Number of protein chains: 2
Amino acid sequence: MRITITDVARESGVSASTVSRVVHDNPRISDETKSRVRETMERLGYFPNALARGLAKSSTGNLGLILPNSSENLFVNPFFIEAMRGIGVEAQSRGYNIMFSFSNNEDEEVGFIRNYIKSRWVDGIILLTSRKNDRCMAYLRKKEFPFVVVGRPDKADSTLWVDNDNFHAVYDVVNLLIDRGSRSMAFVGGPEDFSVTRDRLSGYKQALSIRGLKEDSGLIGFGPDFSESGGKATMQALLTERRPDAVVTTDDYIAFGVIDALLEVGLDDIAVVGFNNTLRGRYQTPTLTSVDVNPAELGAGAAALLIDKVTRREGASDHRIIDTVLIERDSTSGILLKSGRKKPGE
Amino acid sequence: MRITITDVARESGVSASTVSRVVHDNPRISDETKSRVRETMERLGYFPNALARGLAKSSTGNLGLILPNSSENLFVNPFFIEAMRGIGVEAQSRGYNIMFSFSNNEDEEVGFIRNYIKSRWVDGIILLTSRKNDRCMAYLRKKEFPFVVVGRPDKADSTLWVDNDNFHAVYDVVNLLIDRGSRSMAFVGGPEDFSVTRDRLSGYKQALSIRGLKEDSGLIGFGPDFSESGGKATMQALLTERRPDAVVTTDDYIAFGVIDALLEVGLDDIAVVGFNNTLRGRYQTPTLTSVDVNPAELGAGAAALLIDKVTRREGASDHRIIDTVLIERDSTSGILLKSGRKKPGE
DNA sequence: TTGTAAGCGTTATCAA
DNA sequence: TTGATAACGCTTACAA
């Protein structure tokens, strides 16, 4: 038989409400009673039933995690498991559970969200990608249900979000490449309607301008997605008109495609930079210089923000910026070599 | 205001219990009533409260997933995210939710399990690794709580499990290498007390014996873990006594270490085989031949078995074997080249 | 400082 | 075929 609050109450000669108050450490219960009740709880091995509690308080202590449509790329990318870990660890440390679901498309995502909300399983929802005109966000806003998104939303009013400073990350990369001798740098991004693409493009443009280099739209390209093939095609198109000495991309997979395109026309001394510090970038030849976006911190930040919100913490802020780290590897050593400097190690 | 079952009852002129029966499609409710109630539910946007339902039925429709102590290796390994996806998709398709937690050590794992069980959040638990004398399993058995483990448990009595046929997988690998000309094949495994290590070792021995090759304990080594450094050290020790022409390992990371050790002494034509088909193996040089253990299927199988169990399905079996796939790449082309055959592509 | 009692939204048992 | 009614286990006014 399971031990309920009533058992504890009877056994320690108080009412169920008193036991409930002891469990919540209500200050209006005498220390004497508290210790007596606690002793009984201990002895009986009492543990509150989360469902009953949730029903009574209409809040569960669970958060729902929506993983995006599983284009293969995503699961090959350590970003997601790392972000999940960050979310999980933060949630656990604050007594929250995480429920997750994998979806194949936006419809399914909305379906899961709907289900989470209406069945009352969760107190809040974490979205792991920020798209433009995201139907998930639209739905959540309509329902006025607490949620947080990883990636800056296009319409940020009162929306919780966590992101890197993408502008600055690229700004720094571009400056570094200029320091290393680049004079004709290309930018190959993912789809232009992702805020992450636009933010990174701004960093690129701003840095060029500050350093007195002319912006050249012929050196700027956007792929149809974040894939290798997309990156390759975009680079090939770009190469028909220009010969850059460096390429900044917005994703390692795009960078892999870019490198492919470069090698195919015999260009093996162009600096290339990716994003997300993928495992493949670490081991393929040449190893790829990449910006680590710190996915675990992004996840943890998202969970923290959302929990603050659903617990109505005072002074809870509405967003958080996570630092990036530039990891230099061989793919940016080409220019270095030409300018006579030492090739950096890993 | 939330719509409850009572609202629907009042609105359609029946009792709450009738509505409940309609929701569960109870055959003893007239079609006429059913359609009328359904219409009201639709109109009002009724959705059952999962907490209330769980409380009344004492079952939740949730499963708990325990991710093992996060030695870095694990998250670099696509195994886990793929297994999670398999679990998630299977669970979703059967109306179950998954809660997960990340733990740093066995104590924490047991703590999470305890919490899941006692708080009654979940109906069953999925363990993502099978260790010998696992305290999680011991605890779950003691509590008689439904669970399934990915990996064959050492004590299988009435325990649900899903695994590959590790014996056969290695048996096939060894046969292939012998066909390709190997006459002195080493085995480098992880810790010997993992059933996966022992099963794979048996496959190795059996295949050698069938093909008339002598088993040589000097060619067999076990690392302290599943890491690259462990694999390297083990191989180095082995190399002081023997010069194999092929090495079968039980993990890609072990294989990476083995290759390192081989290259350091100038051996670049030894065939090496790994397990888990990691991304790194696909892109490093040389690309690594590896056995894909099909983690998504392992996960899906685990979820299916557990759900069958908690729903008391008739004829539910207690284990499931998932096929492996051998993926040949460059690391097994050395012997091939020597024997004059064509080097296989990716 | 503590107890009583109503309520959270379902399901299940027993009657009708 | 349907309805009352009592659980399920906890929280929270409101009283005392």
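It should be emphasised that the depicted structure is a prediction, and the values quoted were computed from it without experimental measurement. Every chain is numbered from 1, with letters handed out A, B, ... down the list of sequences.
Judged by closest nucleotide on DNA chain C, A:Glu32 is the one of B:Asn49 and A:Glu32 placed further toward the 5' end. Projected onto DNA chain C by closest heavy-atom contact, B:Ala52 and B:Arg28 fall at different nucleotides, the more 5' of which corresponds to B:Ala52. Nearest-nucleotide positions on DNA chain D place B:Ile29 closer to the 5' end than the other of A:Ala16 and B:Ile29. For the pair A:Pro48 and B:Thr18, both in contact range of DNA chain D, the more 5′-proximal nearest nucleotide belongs to B:Thr18.
When distances run from any side-chain atom of B:Lys57 to the nucleotides D:dC10, C:dC8, C:dA12, the shortest one goes to C:dA12. Considering only the side chain of A:Ser17, C:dT4 comes nearest among D:dC10, C:dT2, C:dT4. When distances are taken from the side chain of A:Ala56 to each of C:dT4, D:dG3, C:dC8, the shortest belongs to C:dC8. Nearest nucleotide to the B:Arg21 side chain, out of C:dT1, D:dT2, D:dG9: D:dT2.
The interatomic distance linking A:Asn26 (CG) with C:dT2 (P) rounds to 10 Å, in whole Å. Per the geometry, CD1 belonging to B:Ile5 stands 11 Å off P belonging to C:dG9, to the nearest Å. Remark: C1' of C:dT10 and CG of A:Leu51 are 11 Å apart, rounded to the nearest angstrom. One interatomic measurement links the two molecules: CZ of B:Arg2 to P of C:dT10, which rounds to 8 Å at whole-angstrom precision. If you measure from atom NE2 of A:His24 to atom C1' of D:dT12, you get 11 Å, rounded to the nearest angstrom. Remark: C1' of C:dA6 and CG of A:Leu55 are 13 Å apart, rounded to the nearest angstrom. Protein atom CG of B:Leu44 is 14 Å distant from nucleotide atom P of C:dG9, rounded to whole Å. Atom pair A:Asp25:CG and C:dT1:C1' shows a separation of 15 Å (rounding to whole Å applied).
Taking 4.0 Å as the cut-off between side-chain N and carboxylate O, A:Lys309 and A:Asp318 do not count as a salt-bridged pair. With respect to the salt-bridge test (charged N to carboxylate O, under 4.0 angstrom), the residues B:Glu39 and B:Arg36 do not qualify. Note on B:Arg2 versus B:Asp7: no salt bridge recorded, every NZ/NE/NH1/NH2 to OD/OE distance being 4.0 Å or above.
Counted by atom type alone, B:Arg141 and B:Thr159 present one or more donor-acceptor pairs between their side chains at under 3.5 Å. B:Ser20 and B:Ser17 share no donor-acceptor pair across their side chains, judged by distance under 3.5 Å alone.
Look at B:Thr33 and you'll find a side-chain N or O under 4.0 angstrom from OP1 or OP2 of D:dT2. Contact check, B:Thr4 against C:dG9: no side-chain N or O comes under 4.0 Å of OP1 or OP2. Side-chain N/O atoms of A:Ser15 include none lying less than 4.0 angstrom from OP1 or OP2 on C:dT2. Using a 4.0 Å cut-off, some side-chain N or O of A:Arg53 falls inside it from OP1 or OP2 of D:dT11.
Side-chain rings of B:Phe102 and B:Phe100 approach one another, their centers coming within less than 6.0 Å.
Using a 4.0 Å cut-off on heavy atoms, none of the residues of residues 112-124 of chain B approach DNA chain C.
B:Val14 comes within contact range of the sugar-phosphate backbone alone, with a heavy-atom separation under 4.0 Å but no base atom that close.
For the residue pair A:Asn294 and A:Asp323, the shortest heavy atom distance occurs at CB-O, 3.6 Å.
Applying side chain to side chain contact (heavy atoms under 4.5 Å, CB included) to A:Ser101 and the options A:Ile113, A:Ile66, A:Leu65 leaves one that passes, A:Ile66.
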